[in-house]
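Just below is one structure, and these are the notes that go with it.
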Amino acid sequence: MRLAEHCYRSISAIRGPLVFVERVFSARIGETVTLVAPNGQLLEGEVLKIDTEQVLIQVFGETYGLDLEKTTVTFHDSVKRAPLSRQCLGRIFNGSFKPLDDAPMYIPESWGAVSGAPINPVAREFPHEMIETGISAIDGLNSLIKGQKLPIFSCAGLPAQELVAQILSSARLPGEGDFVVVFVALGLSYHEYSFFRETLEKMPSRFVAFFNLAGEAVVERLLAPRLGLTIAEDLAFNHGMDVLAIISDMTNYCDALREISTSREELPGRRGYPGYMYSDLASLYERAGRLHGRAGSVTMLPVLTMPEDDITHPIPDLTGYVTEGQIVLSREMQQKGIFPPIDVLPCLSRLMQSGIGEGLTRADHRQVANLLYQTYAKGRELRKLEAVVGKEGLLEEDRVVLTMADEFEKRFVHQGKARRDIFQTLDLGRELLKEYKVELT
Amino acid sequence: MKGIVTSISGATVSVDLRGLQLYDRVYVGHARLSGEVVHLEKERTTVQVFEDTHGLSIGEPAVGARAPLTAVLGPGLLGGVYDGLQRPLQGLQRHSGDFIHSAGEIQSLDLQRSWDFIPHMQAGEQVNIGDQIGLVREGHLDHPIFAAFAGEIEQIAQGQVCLAEPLARLKDGQQLFGWQNWPVRRPRSQGRKCPAEKPLITGQRCIDFLFPMVKGGVAVIPGGFGTGKTVLEQTIAKFADSDVVIYVGCGERGNEMAGLLTEFGELRDANDRPLLERTIIIANTSNMPVAARESSIFTAVTMAEYYRDMGYDVLFLADSLSRWAEALREISSALEEIPGEEGYPTYLGSRLAKFIERAGVVKLASGKTGSLSMILAISPPGADFSEPVTQACLRAAGAFYMLDTGLAQSRHFPAINWTQSYSLLGSKAADYFRQQVDKRWTDLQRCCQDIMQQEDALREVVEVVGMEGLQDRDRLLMSVADRVRRDFLCQNSFSADAFSSPQQTVQLITSILDRYDHALKRLEDGVLLSDILQGESDAAG
């Protein structure tokens, strides 16, 4: 056991964000280090690998300016931890927890290891209450449940960020409760950053935000979600709040993971992503949940961009295998001018059934959702047929279903910037069903 | 045997211990993290650690246990919830709270719990290895205790005993205990293997009727995400006619495990006992350590074999095997082995086959037969069935239930594709169904399959010419196929229809097919198709 900090000037190699240090006395896995560049610049890092000759360090921040001779490395004998306090509410930080809002850093009440620990499956409580996002296509048909992780699959060029901003400002609990949003943005362009800053300024201070810009260090993209989730877990399980963690965009996270993996010379898996990407993503997503006998919950809404609109690409694919459903945005809906451009057919919320119905939302929720889904699915099926045989070739009753599908998109899915609570959503659904004579039993 | 840690990369740790054997357990660091030997070289030994290595440093001590990873087998396993190393999760919770931190050793079996032991032998009798010396009642099952040594019994217990005490003592001083250790990677080979013949009734019409499964057989369920693998596995776990169910949540979602635990605690089986009483759950969720995920299926199958060797029908369900294979891949790549297809190690196929071979029917020395059936879910990336894990499983398994993304999206559950799924185990099961349920079973099955195949072909025609372009006969067939699909193949696992006995299944299909025959006759007699279909929907409504 070492008692003091250790300082070295024995860097043997620098490769991208990775630094190799020789002759280190008993470094620990996951230990934090500080590097001082010859020009006095300070950088933080973490120990990834140790063998007899050298220690491999991953640096959070840009490694230019570092050299082999003059740079010093200090080992701190502790793992990477995040400062915890209720004071974090209403604050905005960068990817390594430096304030971006001109206010001073708060004094932490305690520190939490950022890598987190897995929740014991027997300690988990099954999620069963809804969070209202204010979006009909989500609340009505694919409800988000406290403790769930429900990703949004977007494509390049679709207004995912606008949707995120809308959820950021309009998500709340349908009933009582202390509700907080933790927002982690990864690899944002400056344009998007200023858009989100504007959104946050208009919000009451029930949020914590972390921003990593596209021009900033890649390794920070791996760190920022963990900082955000550590804060989220603290607010949820130690302060009893219901926390919604929105992480955007996970595609940038996965690309960062691939970049680091390649510089470590690891064997690449599918499309160059590392073989452990599933486990790594799970270590983030699985931090969502609720615990028996404790108030508070962590709900997660990760957003990702499907490369080439391909849902079988490793990023959406592995995400889908960990998360409990998905919300899918579609180019076709966007072209029709629908906002949010959600295609409800491939969408799914696995936990929806446990969070809706009498006493939770409304007694007719399940049935309205099922009938809308079925009729719309039939309408979409008929659209294909219509493209071949023409409208005239269809039966009268099929033509009604077709019109209903159009109306469903225009009136139910499309809602622009308006916020609808769950009752407005369900009433709208009933109204549509009534107009087209689909009967509720 | 002591040494030190010489290098660390994630969960792969090298130590300078000598004289170890492959797969021996090693404890590393001051925190005594447990691991197993995966590579042996003259100068160094590579250990795969089962726990989070954060904070571990080189120079810390490493201790060899001189024994491989074992499972503790004895009464009290049923109803338990364990992690991949057979550590009870309730115990872990008491030890380290709601979050799992490295915990060191926790007893797998409560050795202090008291059991009512009924001896079958007396002092002075000669006992051979494997002879039953007595039994305890575990829930609703008789749990026989077998002798581990041979000799003359000097003393044998009776009535309330705890497992920590020996149940019997032999003349030569050896003691017989009610529990034992077994290395998880070595198959238990009691009795003689025999062919599987009896059907395993799952209560799922699509499986029992079209693609039957047998006791001792192996079925795989591949499906992309959202196709309902987990729901199907859990439904089968609830209703299948087996004595013991082993459910392995291998690298899957924590909330799913929480749901399963709540549900199994509340649900009751045919004998009105909580389902949990006949179930052992192994939960190694996706964020728990990868090496423990790899070993979890071996730990679980060892427990399954233990109950099989008592003459019980054991059903082993794993969700999902792909996560196990991925764990194998992660470990292999950390060891810098040469990768095979898609980065999986080249021994994926053989290791999988070896594991699947642990299923089967055995004839025991006592004359009883026990069976171990496996139903294994697979999550092929991108729902692409040509990937290595699915292919390796297909070579070894007897039945294949392909889950279809299209069916799942149209909310048809179970989303088993009826044109591409198959069962090689069907003929034996069909004999049983013909004799025990209905002698027309095979004919009905053929007839049903014909209708679904014809419908498949007709669908392509409809896509071009529309429904109007079909002949009346074909339109009738389409409507019957639709009924088979909606009323027969579709089965809501959250309703009373979740379990369908073979008798109910036959009744339902007979009524659908009889009505079809009747409608065909009326069509030939010149009745208008619209009238027939109207009459049908009235009858159904």
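A, B, ... follow the sequence lines: proteins, then strands. Residue 1 opens every chain.
Interface residue B/Glu326: only side-chain heavy atoms are found under 4.5 Å from chain A. Contact annotation for A/Leu48: only backbone heavy atoms (N, CA, C, O) come within less than 4.5 Å of a heavy atom of chain B. Residue contact with chain B, scored on non-hydrogen atoms closer than 4.5 Å, is absent for A/Pro268. Of the two parts of A/Leu284, neither the backbone nor the side chain holds a non-hydrogen atom closer than 4.5 Å to a non-hydrogen atom of chain B. Contacts between B/Glu330 and chain A at a heavy-atom distance below 4.5 Å involve the side chain alone, from C-beta outward. Contacts between B/Glu337 and chain A at a heavy-atom distance below 4.5 Å involve the backbone alone (N, CA, C, O). Within the 4.5 angstrom heavy-atom criterion, no atom of A/Arg271 approaches chain B. Only the side chain of A/Lys149 comes within contact range of chain B, with heavy atoms under 4.5 Å apart. Contact annotation for A/Tyr278: only side-chain heavy atoms (C-beta onward) come within less than 4.5 Å of a heavy atom of chain B. Residue A/Tyr285 does not touch chain B at all, counting heavy-atom pairs closer than 4.5 Å. For B/Pro88, no part sits under 4.5 Å from any heavy atom of chain A, backbone or side chain. Of the atoms belonging to A/Val322, heavy atoms from both backbone and side chain fall under 4.5 Å from chain B. Interface residue B/Thr285: only side-chain heavy atoms are found under 4.5 Å from chain A.
The CD atom of A/Glu31 lies 8.0 Å from the OG atom of B/Ser57; values are rounded to the nearest 0.5 Å. Distance check, rounded to the nearest 0.5 Å: OG1 of A/Thr52 to CG of B/Asp16 gives 10.0 Å. Atom OG of B/Ser14 is separated from atom CD1 of A/Ile50 by 11.5 Å, given to the nearest 0.5 angstrom. Distance OG/B/Ser7 to NZ/A/Lys49: 7.5 Å, rounded to 0.5 Å. One finds the CG atom of B/Asp52 at 6.0 Å from the OG atom of A/Ser115 (value rounded to the nearest 0.5 Å).
With respect to chain B, the highest number of heavy-atom pairs below 4.5 Å among A/His313, A/Arg294, A/Gln148, A/Glu266 belongs to A/Arg294. Comparing A/Ala117, A/Ala113, A/Cys347, A/Gly30 by how many heavy-atom pairs each has under 4.5 Å with chain B, the most go to A/Ala117. Counting heavy-atom pairs closer than 4.5 Å to chain B, the top residue among A/Tyr373, A/Tyr321, A/Tyr276 is A/Tyr321. When each of B/Glu336, B/Arg293, B/Glu342 is scored by its heavy-atom pairs under 4.5 Å with chain A, the top score falls to B/Arg293. Ranked by heavy-atom pairs under 4.5 Å with chain B, the list A/Gly289, A/Ser354, A/Gly293, A/Pro127 is led by A/Pro127.
With hydrogens and angles ignored, the 3.5 Å screen pairs no side-chain donor or acceptor of A/Asp51 with any backbone N or O of B/Ile8.
The closest side-chain heavy-atom distance from A/Asn120 to B/Ile100 is below 4.5 Å. Residues A/Leu56 and B/Ser9 have side chains not in contact (no heavy-atom distance under 4.5 Å, counting atoms from C-beta outward).
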Is there a side chain to side chain contact (heavy atoms under 4.5 Å, CB included) between A/Ser283 and B/Met288 once you walk through the steps? CA-CA 8 Å; A/Ser283 74; B/Met288 284 157 78; over 6 Å; no
Going through the distances and angles, do B/Glu256 and A/Arg350 end up as a side chain to side chain contact (heavy atoms under 4.5 Å, CB included)? CA-CA 10 Å; B/Glu256 264 167 15; A/Arg350 290 165 187 267; 4.2 Å; yes
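Within 6.0 Å of atom CD in A/Glu308, 12 or fewer heavy atoms from other residues, nucleotides or ligands are found, so the atom counts as exposed in its surroundings. Around NZ of A/Lys80, the count of heavy atoms belonging to other residues, nucleotides or ligands within 6.0 Å exceeds 12.
Minimum heavy-atom separation, A/Val122 to B/Leu261: CG1-CD1, 3.9 Å. The two residues A/Arg28 and B/Gly55 have their closest heavy-atom pair at NH1-O, 2.7 Å. Closest approach of B/Ser286 to A/Ala282, counting heavy atoms only: OG-CB, 3.2 Å. Counting all heavy atoms, side chain and backbone alike, A/Asp317 lies closest to B/Pro381 at OD2-CA, 3.0 Å. Pairing each heavy atom of B/Gln93 with each of A/Ala123, the nearest pair is NE2-CB, 3.5 Å. Residues B/Ala258 and A/Glu125 come closest through the heavy atom pair CB-C, 4.4 Å.
For the residue pair B/Arg253/A/Thr323, the side-chain donor-acceptor check at 3.5 Å is not satisfied. Looking at B/Asn255 and A/Glu324, their side chains do bring a donor and an acceptor atom within 3.5 Å of each other.
We find that A/Arg270 and B/Glu387 are not joined by a salt bridge, their nearest charged nitrogen and carboxylate oxygen being 4.0 Å or further apart.
For the pair A/Arg287 and B/Phe99, the cation-pi test (distance below 6.0 Å, angle within 45°) is failed.
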